[in-house]
Amino acid sequence: MEEQKNTTKTRMDNMKLSTDILIFSVSKGEAKTCRNLSSKYFSILLIKRTKEPYKEKWCLPGGFVRIDETIDMAADRVLEKETNLHNIYKEQLYTFGEIDRDPRTRVISTAYMALIDKEKLTEKLSDEASWFNIHLQENNNKINVTLENEEETINFEIERTLKEKTTNKYEYKIIQNEKIGFDHAKIIITGIERMKNKVKDTDIIFNMMPEYFTLGELQQIYEVILDRKLLDPAFRRIIADKVERTDKTIKTGGHRPSVMYRYKNKGEELWK
């Protein structure tokens with residue numbers, strides 16, 4: 001018992017604060033025919049660890065908070081390091097503080113999620129970084145998550161339990177996972193679920209859009225994040241007050257030129 005107390009004290013004395021970032025974007029696939037729009041995929045940036053713990057496992061970009069910076073400053077530093085982009089709007093997701101979430105010492109992590117337009121990325125990603133397309137399959141209270149790119153497929157399974165009915169708050173438990181390090185599988189599904197709610201209730205999605213886009217492209221992105229097909233009339237009602245028509249057009253495949261739109265409130269805060 002005394003040894004256990006000393007171990008706990010040592011872990012507490014060395015307790016650290018970290019930040020982990022879910023960097024979401026949209027990836028493009030090839031069109032099946034010349035008359036189709038290119039496929040869109042909701043995607044996330046992961047880093048393969050090169051050292052223990054969890055060497056060779058995939059993790060979220062992150063790092064420890066330095067003594068001379070705030071948590072927000074640490075998150076900005078990680079974002080800039082991984083994307084070379086400045087002034088990315090981010091949102092604090094949740095603080096994860098399970099006692100044994102890091103085998104090295106007691107680590108409490110404040111997670112953020114950020115959305116970027118991948119077309120703005122001008123620097124090559126590091127050799128350890130890669131984008132993965134997100135696919136979900138839900139069965140009652142189980143969520144099977146598949147993350148894949150051209151080289152690798154990652155699967156993990158999460159159990160979802162309603163914790164607070166009045167606030168529709170869920171608790172997530174990892175029940176199968178081989179390739180994701182730490183508790184990042186739980187952080188990933190928490191961020192995906194938050195994103196779904198944000199897309200329905202806010203204008204957050206426009207952080208991933210270029211300045212000009214077609215309504216077809218915008219609808220595809222809504223659908224891949226919400227993971228369901230939207231009827232055209234319902235979609236048009238959702239975005240009626242969010243976008244404005246421009247005099248620009250674009251020719252896609254065998255279709256006649258499509259009118260391009262842009263976010264109506266450009267320059268205003270998107271994540272409210």
Atom pairs and distances, donor-acceptor, side-chain atoms in residues 136-145, under 3.5 Å, two or more places apart:
unit_1	atom_1	unit_2	atom_2	d
E138	OE1	R160	NH2	2.8
E138	OE2	K196	NZ	3.4

Subject >> Hphob cluster co-occupancy, M73 + L79, side-chain heavy atoms under 4.5 angstrom >> reply: no
**OP:** State, to 0.1 Å, how close L226 and K200 come at their nearest heavy-atom pair, and which atoms those are.
**Re:** CD2-CG, 3.6 Å
Original post:
Under 30°, 30 to 60°, or over 60°: which ring-plane class applies to F206 and F213, parallel, tilted or perpendicular?
Top reply: tilted
Original post:
For M208 and I221, what are the C-alpha separation, side-chain angles and deciding distance, and is it a side chain to side chain contact (heavy atoms under 4.5 Å, CB included)?
Top reply: CA-CA 9 Å; M208 292 191 291; I221 295 176; 4.2 Å; yes
Original post:
For the atom pair CG (D102) and CD1 (I108), what is the distance rounded to the nearest 0.5 Å?
Top reply: 11.5 Å
**OP:** Report yes or no: does T19 contribute a side-chain atom to a donor-acceptor pair with the main-chain N or O of A111 at less than 3.5 Å?
**Re:** no
Subject >> Side-chain heavy-atom pair L60, I21 within 4.5 angstrom cut-off >> reply: no
Original post:
Taking the side chain from R49 and the backbone from P53, do they hold a donor-acceptor pair closer than 3.5 Å?
Top reply: yes
Subject >> D127 and K124 ion-paired at < 4.0 Å >> reply: yes
**OP:** Check the side chains of S27 and S43 for a donor-acceptor pair under 3.5 angstrom, ignoring hydrogens and angles.
**Re:** yes
**OP:** For V243 and R262, run side chain to side chain contact (heavy atoms under 4.5 Å, CB included): C-alpha distance rounded to whole Å, both residues' side-chain angles, the deciding distance at 0.1 Å, then the answer.
**Re:** CA-CA 6 Å; V243 300; R262 65 182 178 185; over 6 Å; no
Original post:
Would you say the side chain of T161 lies within less than 4.5 Å of the side chain of Y170, judging by non-hydrogen atoms?
Top reply: no
Original post:
At what distance, to the nearest 0.5 angstrom, does CD of Q92 lie from CZ of R194?
Top reply: 9.5 Å
Original post:
Does the pair K90/D76 count as a salt bridge with the N-to-O cut at 4.0 Å?
Top reply: yes
Original post:
Does the side chain to side chain contact (heavy atoms under 4.5 Å, CB included) test come out yes or no for I187 and R101, once each step is laid out?
Top reply: CA-CA 12 Å; I187 299 177; R101 61 180 304 275; 4.0 Å; yes
Original post:
So Y261 and Y212, ring-ring contact (aromatic ring centres under 6.0 Å, His included) or not? Walk me through it.
Top reply: CA-CA 6 Å; Y261 289 74; Y212 300 100; over 10 Å; no
**OP:** With the side chain counted from C-beta on, respond yes when I134 and L147 share a heavy-atom pair under 4.5 Å apart, and no when they do not.
**Re:** yes
**OP:** Measure the spacing between CG of D72 and OG1 of T70 and express it to the nearest 0.5 Å.
**Re:** 5.0 Å
Original post:
Rounded to the nearest 0.5 Å, how far apart are CD of E164 and NZ of K169?
Top reply: 5.0 Å
Subject >> Exercise: do D20 and Y112 side chains pair donor with acceptor under 3.5 Å >> reply: no
Original post:
Between the side chains of S130 and N149, does any donor sit under 3.5 Å from an acceptor?
Top reply: yes
**OP:** Look at the side-chain heavy atoms of Ile, Leu, Val, Met, Phe, Trp and Tyr, link any pair under 4.5 Å apart, and say whether F156 and I175 land in one connected group.
**Re:** no
Subject >> Test item: Q176 and I158 side chains (from C-beta on) under 4.5 Å apart, heavy atoms >> reply: no
Subject >> Short N-O contact, R66 and D68, less than 4.0 angstrom >> reply: no
**OP:** Indicate if M113 and I47 have the same hydrophobic cluster label, given that clusters are the connected sets of ILVMFWY residues with side-chain heavy-atom separations under 4.5 angstrom.
**Re:** no
Original post:
Does any non-hydrogen side-chain atom of L45 lie less than 4.5 Å from one of E82?
Top reply: yes
Original post:
Would you call E178 and K57 a salt bridge, taking side-chain N to carboxylate O under 4.0 Å as the test?
Top reply: no
Original post:
Does E52 CD have over 12 foreign heavy atoms under 6.0 Å away?
Top reply: yes
Original post:
Which pair of non-hydrogen atoms, one from V107 and one from S18, has the smallest distance, and what is that distance?
Top reply: CG1-OG, 3.4 Å
**OP:** Provide the closest heavy-atom pair for S25 versus I116 in the form atom of the first, atom of the second, distance.
**Re:** OG-O, 2.8 Å
Subject >> Residues forming a salt bridge (charged side-chain N to carboxylate O under 4.0 Å, His left out) with K242, sequence neighbours excluded >> reply: D203
Original post:
Tell me, do W58 and F132 make a side-chain contact under 4.5 Å, heavy atoms counted?
Top reply: yes
**OP:** Flag the pair F42 / F24 as yes when at least one side-chain heavy-atom distance between them is below 4.5 Å, and no otherwise.
**Re:** yes
**OP:** Go through the steps to decide whether E152 and K179 satisfy the test salt bridge (charged side-chain N to carboxylate O under 4.0 Å, His left out), and finish with yes or no.
**Re:** CA-CA 10 Å; E152 189 164 2; K179 294 186 176 182; 3.5 Å; yes
Original post:
Taking all atoms of both residues into account, what is the closest heavy-atom pair of D183 and I174, and its distance?
Top reply: CA-CD1, 4.3 Å
Subject >> Exam field: side chain T110 to backbone T95, donor-acceptor pair closer than 3.5 Å >> reply: no
Original post:
So R106 and I99, side chain to side chain contact (heavy atoms under 4.5 Å, CB included) or not? Walk me through it.
Top reply: CA-CA 6 Å; R106 180 75 194 277; I99 294 174; 4.1 Å; yes
Original post:
Hydrophobic cluster mates of F182, side-chain heavy atoms under 4.5 angstrom, ILVMFWY only, any path?
Top reply: Y54
Subject >> No-hydrogen, no-angle side-chain donor-acceptor test under 3.5 Å, Q219 and D232 >> reply: yes
Original post:
OG1/T146 to CG/N133 distance, rounded to the nearest 0.5 angstrom?
Top reply: 11.0 Å
Original post:
Is a side-chain donor or acceptor of E223 paired with a backbone partner of L230 at a separation under 3.5 angstrom?
Top reply: yes
**OP:** Report the distance from atom CD of E56 to atom CD of E128, rounding to the nearest 0.5 Å.
**Re:** 9.5 Å
Subject >> Short N-O contact, E69 and R77, less than 4.0 angstrom >> reply: yes
Original post:
Hey, does the Lys NZ or Arg CZ of K186 hover above the aromatic six-ring of Y172, less than 6.0 Å from the centre and inside 45° of the axis?
Top reply: no
Original post:
Do V26 and K40 come close enough that some side-chain heavy atom pair is under 4.5 Å?
Top reply: yes
